[in-house]
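Everything quoted here is computed from the prediction, not taken from an experiment.
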Amino acid sequence: MRKTNDKTLKEAIEQMLNVYKIKRRFDETGVVNLWPELVGKSVANRTKELFVRDKKLFLRIESSVIKHELTLMRTQIIEKINEEAKSVLVEEIIFL
C-alpha cells in the first residue's frame, strides 16, 4: 500500500535534478549519447566534437560532404533532438 507522499524512483530522480538545477545539463548529455541513433553510425563516427551550450549544438565534422548534408537536414535534426528530450534543448546547430 502506497502512502500519499510516496514517489516512484523516476519521480524522485526528476525532482532531484530540478532541485539541484542540473536537469538541462543531464538532458544535454543525453543528446551526446543519442547522436549515433539520431544521425546514424557512419555520421557519428566522423563527428569529432559534439556538445550543447546555451541551446546551441556545436559540431565538428571531419567530412565536408557530411557537413553539407547535415546543414541541409538542420531543422529535422533539431526537431528529433527536441522530440526525444520532450523539451526545447537545441534551437541552433553550429559547425566548428
Side-chain angles (χ1 to χ4, degrees):
M1 190 158 69
R2 281 182 75 172
K3 296 180 183 175
T4 57
N5 62 350
D6 286 349
K7 295 180 181 166
T8 65
L9 184 58
K10 180 181 177 182
E11 292 169 340
I13 290 173
E14 294 240 351
Q15 183 181 7
M16 181 200 65
L17 291 173
N18 288 329
V19 166
Y20 289 107
K21 296 180 176 137
I22 56 175
K23 177 151 179 44
R24 175 168 278 295
R25 190 70 186 140
F26 179 77
D27 291 342
E28 289 172 356
T29 305
V31 170
V32 174
N33 291 332
L34 282 175
W35 186 246
E37 293 175 31
L38 292 170
V39 296
K41 288 185 180 184
S42 60
V43 174
N45 289 339
R46 288 176 175 79
T47 304
K48 292 297 179 189
E49 227 177 309
L50 168 72
F51 61 93
V52 180
R53 185 169 295 134
D54 299 326
K55 294 188 178 185
K56 295 176 183 162
L57 176 65
F58 292 88
L59 294 171
R60 184 179 310 275
I61 307 288
E62 66 182 28
S63 168
S64 61
V65 175
I66 292 175
K67 186 185 285 188
H68 180 70
E69 288 293 321
L70 290 178
T71 303
L72 296 175
M73 297 174 49
R74 186 176 288 191
T75 55
Q76 291 95 338
I77 293 170
I78 292 171
E79 287 173 5
K80 277 184 179 180
I81 291 170
N82 293 334
E83 183 180 309
E84 284 289 325
K86 297 179 177 101
S87 67
V88 180
L89 279 182
V90 176
E91 294 177 343
E92 186 179 352
I93 297 177
I94 297 175
F95 295 96
L96 303 173

Subject >> Separation between CD of Glu91 and CG of Asp54, rounded to the nearest 0.5 Å >> reply: 10.0 Å
**OP:** Apply side chain to side chain contact (heavy atoms under 4.5 Å, CB included) to the pair Leu70 and Ile93, showing each step before the final yes or no.
**Re:** CA-CA 9 Å; Leu70 290 178; Ile93 297 177; over 6 Å; no
Original post:
In terms of hydrophobic clusters joined by side-chain contacts under 4.5 Å, are Trp35 and Met73 together?
Top reply: yes
Original post:
Would you say Glu14's side chain and Glu11's backbone share a donor-acceptor pair under 3.5 angstrom?
Top reply: no
**OP:** Would you check if the side chain of Arg46 reaches a backbone N or O of Ser42 as a donor-acceptor pair within less than 3.5 Å?
**Re:** yes
Original post:
Considering the options Thr75, Ile81, Asn82, which one meets the side-chain contact (heavy atoms from CB on, under 4.5 Å) requirement together with Ile78?
Top reply: Asn82
Original post:
Looking only at heavy atoms, which two atoms of Val43 and Thr47 are closest? And how far apart?
Top reply: O-OG1, 2.9 Å
Subject >> Test salt bridge (Lys or Arg N to Asp or Glu O under 4.0 Å) applied to Arg25 - qualifying residues, sequence neighbours left out >> reply: Glu28
Original post:
Among the clusters formed by ILVMFWY side chains lying less than 4.5 Å apart, do Phe95 and Val31 turn up in the same one?
Top reply: yes
Original post:
Hey, any chance Ile22 and Val88 share a hydrophobic cluster, counting ILVMFWY side chains that come within less than 4.5 Å of each other, even indirectly?
Top reply: no
Original post:
Do Glu84 and Leu34 touch side chain to side chain, with heavy atoms closer than 4.5 Å?
Top reply: yes
**OP:** Identify the heavy atoms of Ala44 and Pro36 that sit nearest to each other, and give their distance.
**Re:** CB-CA, 3.7 Å
Subject >> Sidechain-backbone polar pair: Lys55 side chain, Leu89 backbone, donor-acceptor under 3.5 Å >> reply: no
Please table the atom pairs, donor to acceptor, closer than 3.5 Å between any side-chain atom in residues 57-68 and protein atoms at least two apart or in another chain.
{"residue": "Arg60", "atom": "NE", "partner": "Glu49", "partner atom": "OE1", "Å": "2.8"}
{"residue": "Arg60", "atom": "NH2", "partner": "Glu49", "partner atom": "OE1", "Å": "3.2"}
{"residue": "Glu62", "atom": "OE1", "partner": "Lys48", "partner atom": "NZ", "Å": "3.2"}
{"residue": "Ser63", "atom": "OG", "partner": "Val65", "partner atom": "N", "Å": "3.4"}
{"residue": "Ser63", "atom": "OG", "partner": "Ile66", "partner atom": "N", "Å": "3.4"}

Original post:
Are Val32 and Ile77 in one and the same hydrophobic cluster, where Ile, Leu, Val, Met, Phe, Trp and Tyr link if side-chain heavy atoms are under 4.5 Å apart?
Top reply: yes
Original post:
Is any side-chain heavy atom of Gln15 closer than 4.5 Å to a side-chain heavy atom of Lys7?
Top reply: yes
